[in-house]
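Report on one structure; see the data block that follows.
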Amino acid sequence: LKRYSLCEDMDISYRIQTNHPKSLLMTPYAKVIHTNSQLARITSEYRTHMDISYHTYFFFKNMKQTYRKMLSFVYGIFFGRLVISITSRNPHYVVFTIKAQLDMMRNFKKVKRGIFKSF
């Protein structure tokens, strides 16, 4: 994943759990400290673009491609994301989401293979 990683924890934990069931443990005692840095911030538009592209990559990399799963994925990535952006009541998020979806469709073969040169 390029620049600002997104979903990398989900990707690695999914693959570990798939290859070695019952090997991951959850603990309420773990602590994570995320420090904020203005240098590490990305724009909302860029994050929306990455979020849609990386989730598409994750789906095609890790999930068995069945008709039902494909239909669920397409419904979620297009209609679900659009509904969420509309309910946010921020017109910019609606535009960002539509632009990201269109860009992902234009670069679908590359995104599916994990080539993210469009951003």
Side-chain angles (χ1 to χ4, degrees):
L1 302 176
K2 300 280 184 180
R3 191 174 168 204
Y4 183 92
S5 292
L6 186 67
C7 302
E8 76 282 1
D9 53 345
M10 181 175 65
D11 187 18
I12 190 73
S13 60
Y14 181 82
R15 288 187 286 140
I16 291 170
Q17 186 63 23
T18 302
N19 294 327
H20 307 286
K22 299 182 182 178
S23 63
L24 294 177
L25 302 174
M26 291 179 59
T27 178
Y29 306 109
K31 292 183 181 182
V32 176
I33 299 170
H34 286 278
T35 56
N36 292 330
S37 168
Q38 291 304 319
L39 296 175
R41 296 285 169 215
I42 57 174
T43 64
S44 295
E45 182 175 12
Y46 190 85
R47 190 181 192 298
T48 303
H49 184 95
M50 286 176 39
D51 192 40
I52 289 173
S53 296
Y54 286 1
H55 276 91
T56 301
Y57 169 67
F58 175 83
F59 176 78
F60 284 99
K61 176 182 175 185
N62 295 305
M63 303 294 165
K64 184 177 180 183
Q65 306 303 304
T66 65
Y67 179 74
R68 185 179 212 169
K69 286 182 182 178
M70 286 288 282
L71 191 60
S72 296
F73 175 76
V74 169
Y75 179 78
I77 206 77
F78 289 103
F79 301 110
R81 298 284 175 131
L82 194 56
V83 168
I84 289 169
S85 66
I86 290 169
T87 58
S88 74
R89 297 183 182 199
N90 184 337
H92 297 292
Y93 288 139
V94 176
V95 172
F96 297 161
T97 300
I98 293 169
K99 284 173 64 176
Q101 290 169 337
L102 291 172
D103 188 58
M104 188 272 296
M105 287 190 298
R106 275 192 299 271
N107 296 295
F108 178 72
K109 288 182 181 178
K110 290 179 182 177
V111 169
K112 188 175 168 183
R113 292 189 325 223
I115 301 169
F116 301 105
K117 296 201 185 229
S118 60
F119 53 87

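Numbers here simply count residues along the sequence, with the first being 1.
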Spacing of [X] atom [atom1] and [Y] atom [atom2] [to the nearest 0.5 Å]:
| X | Y | atom1 | atom2 | result |
| --- | --- | --- | --- | --- |
| Lys110 | Tyr57 | NZ | OH | 16.0 Å |
| Met50 | Met104 | CE | CE | 15.0 Å |
| His49 | Asn107 | NE2 | CG | 7.0 Å |
| Arg15 | Met10 | CZ | CE | 11.5 Å |

Of all pairs that satisfy salt bridge (Lys or Arg N to Asp or Glu O under 4.0 Å), the ones with a partner from residues 59-73, not counting sequence neighbours
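Listed once each, the pairs are Asp11-Lys61.
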Does atom OH of Tyr93 have more than 12 heavy-atom neighbours, drawn from other residues, nucleotides or ligands, at distances under 6.0 Å?
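Atom OH in Tyr93 is not crowded, with 12 or fewer foreign heavy atoms closer than 6.0 Å.
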Any idea which heavy atoms bring Gln17 and Ser23 closest together, and the distance?
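Shortest heavy-atom contact: OE1-N, 4.0 Å.
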Linking I/L/V/M/F/W/Y whenever any side-chain heavy atoms sit under 4.5 Å apart, do [X] and [Y] land together?
| X | Y | answer |
| --- | --- | --- |
| Ile52 | Val95 | no |
| Leu102 | Tyr46 | yes |
| Ile98 | Val74 | yes |

Distance-only check: which donor-acceptor pairs under 3.5 Å involve side-chain atoms of residues 77-87, not counting sequence neighbours?
| residue | atom | partner | partner atom | Å |
| --- | --- | --- | --- | --- |
| Arg81 | NH1 | Asp51 | OD2 | 2.2 |
| Ser85 | OG | Arg81 | O | 3.4 |
| Ser85 | OG | Leu82 | O | 2.8 |
| Thr87 | OG1 | Val83 | O | 3.1 |
| Thr87 | OG1 | Ile84 | O | 3.0 |

With sequence neighbours left out, write down each residue that passes ring-ring contact (aromatic ring centres under 6.0 Å, His included) with Phe58, or none if nothing qualifies.
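Checked Phe58 against ring-ring contact (aromatic ring centres under 6.0 Å, His included); matches are Tyr14.
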By ring-ring contact (aromatic ring centres under 6.0 Å, His included), which residues pair with Phe59, not counting sequence neighbours?
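ring-ring contact (aromatic ring centres under 6.0 Å, His included) check on Phe59 returns Phe73.
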Full working for side chain to side chain contact (heavy atoms under 4.5 Å, CB included) between Phe108 and Thr56
CA-CA 9 Å; Phe108 178 72; Thr56 301; 4.1 Å; yes
Please name all residues satisfying salt bridge (charged side-chain N to carboxylate O under 4.0 Å, His left out) with Arg106, sequence neighbours left out, ordered by chain then number.
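Once residues adjacent in sequence are excluded, the partners of Arg106 under the salt bridge (charged side-chain N to carboxylate O under 4.0 Å, His left out) criterion are Asp103.
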Could you tell me which residues satisfy side chain to side chain donor-acceptor pair (under 3.5 Å) with Glu45, sequence neighbours excluded, listed by chain and number?
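So Glu45 forms a side chain to side chain donor-acceptor pair (under 3.5 Å) with Lys99.
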